[in-house]
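Remember, it's 1-based here, ligands and their atoms both numbered in the order they're listed. Note that the coordinates shown come from a computational prediction; the quantities given were computed from them, not determined experimentally. Both backbone and side-chain heavy atoms feed into the values below; hydrogens, waters and symmetry mates do not.
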Amino acid sequence: MPHELPPLPYAYDALEPHLDEQTMKLHHDIHHKAYVDGLNKAEEMLAKARETGEVGLVKHWSREAAFHGSGHFNHVIFWENMAPAGKGGGGEPSGKVADRIKQDFGSFDAFKKHFNAASAQVEGSGWGVLAYRPYDRKLVVLQSEKHQDLTQWGVIPLLMLDVWEHAYYLKYQNKRPAYIEAWWNVVNWADAARRYEAAAK
Ligand code: MN3
């Protein structure tokens with residue numbers, strides 16, 4: 001079964017004024033769609049390599065699958081990580097994930113400052129990520145370059161912020177920190193909490 005582009009869980013303009021309708025439309029319909037198509041193509045070519053035994057391009061298609069696969073799965077999380085401001089979006093987390101954030105980062109404010117810096121300082125295109133690391137049952141903040149670099153194997157992402165220019169350039173141009181600050185108004189903490197509780201149980 002090929003991968004499919006899931007619809008956004010809200011209207012294109014639902015995150016206004018923080019994330020504008022035109023960006024959301026381009027981001028979902030064009031950029032995310034391209035990752036889905038790229039992943040399907042890579043998996044098709046890898047299946048073909050297995051069938052024919054011609055494995056000379058496995059390195060190329062593996063890189064394509066890593067890039068487009070990470071792009072696809074990251075965006076699925078990113079869309080669900082957001083909700084309209086004041087209607088599930090914004091504010092601070094509560095419950096177990098809030099306790100864990102306090103334990104592992106000292107306070108919510110210290111976590112937010114760390115996450116903002118990690119996201120703003122990604123070199124080129126990439127992501128800021130809050131993830132659960134099952135090995136020692138801790139939360140970590142990571143920077144991902146592009147979609148697939150600088151990961152830690154085995155972590156489970158809880159909250160992902162897309163800092164590729166396509167995510168903010170129309171509205172925020174080169175002001176990535178302003179986009180990051182606005183993004184907190186639409187963070188869906190209930191979604192992050194669900195992901196944490198499923199990961200950490
Ligand atoms: Mn993106």
Original post:
With a 4.5 Å limit on heavy-atom distance, are the side chains of Asn116 and Glu181 in contact?
Top reply: yes
Within less than 2.8 Å of the Mn ion (ligand 1), the count of protein N, O or S atoms comes to 4
Paired with His72, the side-chain hydrogen bond (donor to acceptor under 3.5 Å, both in side chains) test is passed by just one of Lys33, Glu4, His32, namely His32
Classify the ring geometry between Trp183 and Phe115 as parallel (under 30°), tilted (30 to 60°) or perpendicular (over 60°).
parallel
Classify the ring geometry between Tyr35 and His166 as parallel (under 30°), tilted (30 to 60°) or perpendicular (over 60°).
-> tilted
Original post:
Hey, is NZ on Lys175 packed in by over 12 heavy atoms from elsewhere, all under 6.0 Å?
Top reply: yes
Are more than 12 heavy atoms, taken from residues, nucleotides or ligands other than Gln173, located less than 6.0 Å from that residue's CD atom? yes
